[in-house]
Every structure is written in C-alpha cells, then in structure tokens.
Amino acid sequence: MAIGKILKDDASEEKGERARMASFVGVIAITDLVKTTLGPKGMDKILQSTGRGHEVTVTNDGATILKSLHIDNPAAEVLIDISKVQDDEVGDGTTSVVVLAGELLREAEKLVAAKIHPMTIISGYCMPAECAHNALLQRVVDNKENAEKFKSDLMKIAMTTLSSKILSQDKEHFAQLAVDAVMRLKGSTNLEAIQIIKKPGGSLKDSFLDEGFILDKKIGLGQPKRIENAKILVANTAMDTDKVKIYGARVCVDSMSKVAEIEGAEKEKMREKVQKIIAHGINCFVNRQLIYNFPEELFANAGILAIEHADFDGIERLFLVTGGELASTFDNPESIKLGHCKLIEEIMIGEDKLIHFSGVEMGQACTVVLRGASHHVLDEAERSLHDALCVLSQTVNDTRVLLGGGWPEMVMAKEVDDLARKTPGKKSHAIEAFSRALVAIPTIIADNAGLDSADLVSQLRVEHHKEGCNAGIDVISGSVGDMAELGISESFKVKLAVLLSATEAAEMILKVDEIISCGPRRREDRM
Amino acid sequence: MAAVTAAQPRSSKTESYVDNKRKEDIRQANINAARAVADAVRTSLGPKGMDKMISTANGEVIITNDGATILNKMEVLQPAAKMLVDLSKSQDAAAGDGTTTVVVIAGALLKQCLSLLSHGIHPTVISDSLHKASIKAVDVLTAMAVPLELSDRESLIKSASTSLNSKVVSQYSTLLAPLAVDSVLFVVDPEKPDMVDLRDIKIVKRLGGTVDDTELVKGLVFDKKASHAAGGPARMENAKIAVIQFQISPPKTDIEQSIVVSDYTQMDRILKEERNYILGMIKKIKATGCNVLLIQKSILRDAVTDLSLHYLAKAKIMVIKDVERDEIEFITKTLNCLPIANIEHFRAEKLGHADLVEEVSLGDGKIVKVTGIKDMGRTTTVLVRGSNQLVIDEAERSLHDALCVVRCLVNKRFLIAGGGAPEIELSRQLGAWSKVLHGMEGYCVRSFAEALEVIPYTLAENAGLNPIAIVTELRNRHAQGEINAGINVRKGQITNILEENVVQPLLVSTSAITLATECVRMILKIDDIVNVR
C-alpha cells in the first residue's frame, strides 16, 4: 500500500469501479428525492431545518430543495450545482435538469455493467445531444412578429410553469399577473424592478399587481400623508449630530452654560443639515438610517414627508424606480439627482399601512403584492412566481417556444433513436440509452400523476411516429392529448439549458474514476 | 463486486414501490399530527365551549377560549401541526374571529382526506376537488348572507355579542358588545368608509373592579400616574397639552464632555447655572400657556429631574412622563396636536386642548384621563377592568375578537346566521351538488360536505346535547327549506337562529372555509420531510 504513505491519515481514496459506483449511488439518490416533485401533479416536500428554531419550509422547487440538503457525495454536489446554475440562468426547469442528468447516469450505469468503456459512453452521449438540439430547433415556434400571438404564448408558458406549483389553482390569475409584470420590463431581464411584497392574510386570489412602488415603512409624525408630484431625495446619512470619530475625543469646559452651548451647537448642526436637505427643493426624504425626533419635526414643519430606516433593498429599488440617486452629502444641491413620482400616499394592505409611490419615472417598475393563508404559502408562492417571472423574461428575449407535457422529450427521443440506427459500433448502445433517459421524463410525469406510465408512454411513442404530431401527456384527463390545443408551452431556452447542462454533468461524472477526499483540517495543528 | 450487486436494485423498478410506501407513511403522519392539534382545541368551540389553562415555560398562566391564543402558546414541533397553528394565526389576521372554527374545519377535512386516500385516490385529485368545493361553498354562503347597513347598530351589536358569548366574559356581553360597536364606528373615517385600523383603538388594562366597570373613554387614558414628586397639580381644567420629545434636564452633548471644577465657588456657580438653564426652559413653556406636559421617555438622558419637576410644579404644570415613542403617534392623533422636539419650537399652535385632564384613583393605582378634547382625532380608548390578571387578559382578547367582528362587518357588510346554520346548509347544498359531478370529483366534494357537519356536531357536543340527534334534525329542517335553522345552545334545541339574534359576519365564515381548505391542500401535497441545514 504505497498510496497510504502519500496521502495523509484522514484522507481517503476510492478508485475505479468503486469510485464510479459511489457517484452513481449519490446521483440516483438525489434524483429519486426530487423526481416526485416533477410535473403538474408533483408533490411538495417539507424541509425541516435542524438548526435553531426548526423552521419549516414547504416547497416544490427543485433548486430550493437541493440547495438546503446535507450532502456528502461529490457527484451529488455536481447535480446540485447544475440545478443552481439552471436557477440562475433561466429560473425554471431546476428539477428537470437534475432528473435528466440522473436518468442519463442511471442508463450509463447499466452500460458500464455491460462492460462498455465510460469514454465510449461519453462520446455516445455527445452525438445525440447535438442531434436532439437540432430536432428541437426544427420544431420551435417563433411568434416574435405577431405581438398578439406572442402574448398568448407567454400566457401559456406562465401557466405551464405555474401549474406544477402551489399557485396552480389560480394559475390564470397569476399567469396574467406575471405576464403583465414582465411586459412592463420591455425586454430587460432585470427582475429587480419587480418587487414582491408578502402580506399574510386573505387568500392567494387577493394578490395583485400594482403599477408603482410600495415601501413597507411608516411616514413620520405630523407629516403630510399624501403628496402629489413628489420630488424624492434618497439618502444614506446619519441624522443625529455629527460625531467626532476619534476615540477618546472629548471637550473640557468649566461651566454648565458652556455645555448648554455645545448642545445648542449640536442641535444647530442638525438643523443646518436639515436646511441643506430642504434646500434641494424636495418634498419627500427617504433615509437609510434613523431620523431622530428633532429632524423629524423640522421636516414636518417644512411639510416634507420623511421616511426613516428604510431597508437596503427598498432603497436600492426606490432610486432605481424613481430615477434618483443615493446621496450622502448635501453641499451641492445641483449635483444630486432627485427622484420623481406623481403621487405618494399611505395605503392599507391587510392590517398594515404601507407607503405607495405611483406614477414613477421608470415605467418598468411594478410591485406584486402576494396574499396568502400563512408564511409557508407566501414563501412558496413567491418562489413559484419568481420562477414564472424568470422564464417569461427569458422568453421575451428568446422568443422561441416549444410545446410542453413531455412533447419535446418525445421529439428528441425519436430523432435520437433514428440516429442510433444509423450509427455503427458500440456508441449506438449509448445513443439508445440517451433516448431512454429522455423518455424517462414523460414516464415520471405520468407516474407522479398516478397514471399507468408504461401504457401512456408507448401510446405517445406511436403518436410521435406520425409526422407533425403534437401529442403529449395530458395529466388532467390522464391520457395522451394534443399539447397545442391544451395550451401547454415551454420556453425553448429552458429546454435547451436542461438538455445541455444535464448532458454535460452526466459526462463529467462519468469521466471520474477516482475520488480523493481530503481529511478535515484539524484544529490542533495550528496550536 | 459486492457493491455493484447491492446498488443494482436501486435502479430497478421495484424501488419506486418502496418509495411510495414511505410517502403514504409521511402523509399519514402529517395528517395525524395536524388532527391532534385540531382535536386539542375542538372542545373550546361555541358558546358552551370550555376554556384551556396554559402554563407557559416561564411560569405564566393563561386561561383562554381563543383558538389562536391556545395554539400560539402550544409548543408544536411537528411541521404539519405547525401549519395548523399558522392557519389559526392567519384567520386571526384576516377576520379576527373564528380562529377555533378554522382549525376544527381543517381537522375534519383532514379526517375525510385520510379515508379518501385509503381508497387510493390521488392526493392532487382530492386537492383540486377541495378547491372547487370551497369556491362553491363561498358562493353558497354569500347567497345566504343578509346585507347590513352600518347605521343598523342593533345588528352590529348582535353579531358582536355572538362572538363574545363563547368567552369567559359572556355574561358581560350586553356591556362589551355595544362598547365594541361604538368604538369601531367612532374610528371609521367617513372619507374611507371601509377601512378600519384597529390600532386607533387603544385598550388599557387595569386591575381592580370587575369587568362591569369596563368603559369607553372618549379621550385618552394613560396607564400611569401624573408625576407629582414635587407636589405638582393632579387635575387641570381647560388643559393646554404639549407633547414634547426633548428633555427638561441639564444639557448633555453627544460628544463626550467633562466639566472641570477647580474650586468651591465654581461648583456653586455651576449649580446655579443648571437651575437657571432649567428655569429658562420652563419659562418658555409657561409663556405659551401650556399647563400639561407629556414627556417622551428618553434612554440617553433623564427626561426630567427632581429639580425640573419642582419648577414645573411651581409653574402649575401637570407632568406625565415616560410616554413611549410608539405611543406618540396615537396621542398626537387623538389630541390633534404636534409633537415638539425642541424647546425653540415650543409654540402655542402646537398644543392640544382638552376640557379636563385629571388623575383618577382606580383600584390600587392611579390613571390619568384626558377628556373633552377639542377637535379630537378618530381614536378611542377602552379601559378594561377585572378582578384578576387572567380575567383582564381574557377580556382583552375577547374584546379584540369583538372589535374584529365589527371591523369585518364594516369591510364586508353582510351578516350570516350563526349556530351551525351556515355549515349545515353548506353541507346540504354541496351534497346535492356532488351528485351532479362526475367521477372522483363528486366523491371528494361529498366528503367535503360531510366534513363541514363537524361544526354543528361539535357545537352540540360541547353543549352537552346529543350530537347525532341534533345534526340529523338540523339536516331535516334544512332539507325542508328552513335555511336559518341552527342550534340554540341556550334552549338546547333547534330554532330559527336569525330570530334568536345569533349572527356573525360573512367574512368570518368565508375566510374560515377558504383558509382551512388552502391549508389542507398544502398538507395533502407533501410527500416527504427532508431534514436540512
């Protein structure tokens, strides 16, 4: 055992067959965990935190589940990473990508058991990925020219995305909401301009889209509760006295009146600062930090609406939305850009009072107010809506659209099967395996819905042998249906990302033949 | 090769079967845990419902009948059970009343779901049908409801007393119900007639007396005595009130400072200066004609010192100190004045006016009452009295429920009968509807309808009546078209409940049904509990 001398005591090493086995086992375990959440009839999971508070999250979002798992398997980590990347890139399909990668590896495992070299499998996986990509490209629908049709495409995509989530019952409502929000963005993928506010109480249906910006703060005492044509200054400045920030600085005086003078001077400084701020000709002042009683009163006297202690997100959005800039010094009024909006007023949602900015300069911004029975519902609704918004904003940029319900997988599988027949050599086994992995997705969707998957998938395969067929799994009626008629669509970009990153991950994991895990760094070493 | 053969079954089809088994187990465990929670509060439903005594971890004892409070104090760990606790919280937020009802309905629905699941119906099918049924239920309830005018004070009082009847303080419902109605109606802003902010109603609790002595004060009540360490006035007629956010004490700077005293005469001078400084402030205050000062609490610096209190007393200014910062908004709104943050801004126009500010002895302590406020804002104060802390707390919770009920009526001006009448009617109509539906849906909707009977059943059971006899008779009466027949718990029989003045807001019933369904659907969709970081 020469190797034992090379590695440190705690480090372990697994080689060849065993290493590959460990990878397969990890990947398959992860896949099995998330695969029940796939599709419109997928189930939710409770995530129970083992940390303090035992917080509970209920979710259907693959990325959220995987992100929070304890994992001690390098290959499983790779899957979690691709799901994260999928989440960041396109926002949806986080479960699909893991399931597809898992299925590819599951097939690969069988091939390896049949003594096919992993490198052959990898090269066999490369070809169909290319071929499947082309097959999809041929079948995409692009309605970029026709605004009316494109909007209905967006609606369909939003509904398909939402149908697997908690919002499924009110999916039309939320799809409309998401489409409206994304259309306001006018092509930018900057989802920051869409603010989501969660307020418990009411039901999901009471959620609404508001054209404007809502800040979850209170207006200062004695200040106007409604301002028209507001000029807003957003600042991050301490509104108490300016302190000398040298440790131990102190003043020595010899009488009480001098102390009073100093206090008076401090007050005067505050007043000066407020005067400077007022001199900007504003009528609304929003500060990141606290505004104390004294400046608050000064603002009230000047008829200025002052909002203190706004959170960072709120501030960032506010100047994004109103077109202002964050100010921290007030000596040069001309260099500071003020924000504008038509109307600021106090509104009430549920039991809370919020401040509503409407008629903002950047027309792209809007706020979605989510209402729901509990925090669990709201959190999950937010995640679902976020997914839908991501997909929609991506689709606005890349307007190509595919059908859903397992249709793209069947189309790809058919092309890949054809390819397998034309390819000589051992590779064809891998290509066939690839097509089987693709078919696994409609199989799982059917399984999750409690349908007879074997029967349905074989029917689908038959349908797909006809030219120009739109067949997919109609989970509601439990049969094979026409996806175009049912209005089930998916974004091309999402599908493509699923296909490519799943294949890449599978290839990467397959290539591994040795796992070296380093021993944990010991604390005593440093002593 | 051992590892290879061991891992082989993982990829085969048999494994998914094992997986399914586990899913069922988790779903069952969730449903059972949630039902246990529902059973815990079931006995507190209705006018003859029992109370629970909760002793918290820090030794505090609470006696309550309020579902939301009971669940809140229970330390529930199971995730699904926690969702039920949240459910009652959201009902509290949405409607304020019916917090027990919503949990009991959710429990009954879960029980039905369990039997549906055991028949092999897919959870999503159940979930979808429940949703449809709940939408239909809301329609039925809305059709049953009676519209209401806000001027109809009688009806408002009736519904407030229905809510109060199930509480410890039920014998005082004749007093508390009109009180709740009056205070909410007073707070309603004519410009925004359907918005009520319950924060505009302040509830002050004071030990001593009985609940009978609870009163509505058109003005302000401070749960503290006037500060008369130096013999200041305790009663002030024609008061001019200032709310100040600065301190009447020797100056203190933000920057660290020290006074160097080199000899005795200097010390004397400093003392004199301090006196002059304070005297100067008080003179300025006096000059505006102010005779009542409300001083905000200050952490950094004494709000008042003995010395300043002495001078204020001499100037015949009444002082109430240690007012919390978050109360300032309420006070200024009530008094229709502005807070003053600097002595320089102390001007007569910022003062509030009241006919009388007086310190009143109540029980073993004293409170300060401000009455006859000129141009009073739309706020009210309710002074709750009771013979012990437990009763006061429960009275406050009951009053809060009653206020919420009235608020619901202001928001959505419809009344519906109480006493289990709406539930049994829902059950009947949904039952009839289920026969028109096809397939699984019809089956699930029928279960939903059956689950709703739990409310009249529990009401009767808690009242010591024979639940089966009562529920069957109710069904019978409803089938004959008496849609307002309900359980009259006092008489122990079935009567037209609308005539008995047992009414509740429509919003309470509808939100109970929709929230309970939403929660049950969420529990149904869960198939795994994953432990995470």
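Here is the naming used below: chain letters follow the sequence lines, and residue numbers restart at 1 for every chain.
Among the candidates B:Ile340, B:Val125, B:Thr514, the residue making the largest number of heavy-atom pairs closer than 4.5 Å to chain A is B:Ile340. If you tally non-hydrogen atom pairs under 4.5 Å between each of A:Thr37, A:Thr59, A:Ile46 and chain B, the highest count goes to A:Ile46. By number of non-hydrogen pairs under 4.5 angstrom with chain A, the leading residue of B:Pro79, B:Gly120, B:Pro123 is B:Pro79. Your options are B:Met83, B:Met522, B:Glu273, and the one with the most heavy-atom pairs under 4.5 Å with chain A is B:Glu273.
Residue contact with chain A, scored on non-hydrogen atoms closer than 4.5 Å, involves the side chain of B:Asn30 exclusively. Neither the backbone nor the side chain of B:Met267 comes within contact range of chain A, judged by heavy atoms closer than 4.5 Å. Residue contact with chain B, scored on non-hydrogen atoms closer than 4.5 Å, is absent for A:Ala22.
Using a 4.0 Å cut-off between charged side-chain N and carboxylate O, B:Lys89 and B:Asp92 make no salt bridge.
A:Met21 places a side-chain heavy atom less than 4.5 Å from the side chain of A:Glu109.
At a cut-off of 3.5 Å, with distance as the only test, a side-chain donor of A:Lys45 or A:Thr36 sits close to an acceptor on the other residue. In this model, no donor atom of one side chain and acceptor atom of the other lie less than 3.5 Å apart for A:Glu103 and A:Thr31.
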side-chain hydrogen bond (donor to acceptor under 3.5 Å, both in side chains) between A:Asp447 and A:Ser453, worked out:
CA-CA 6 Å; A:Asp447 273 340; A:Ser453 58; 3.0 Å; yes
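Results of the side-chain contact (heavy atoms from CB on, under 4.5 Å) test with A:Thr64 over A:Asp61, A:Leu66, A:Asn60 single out A:Asp61 as the only residue that passes.
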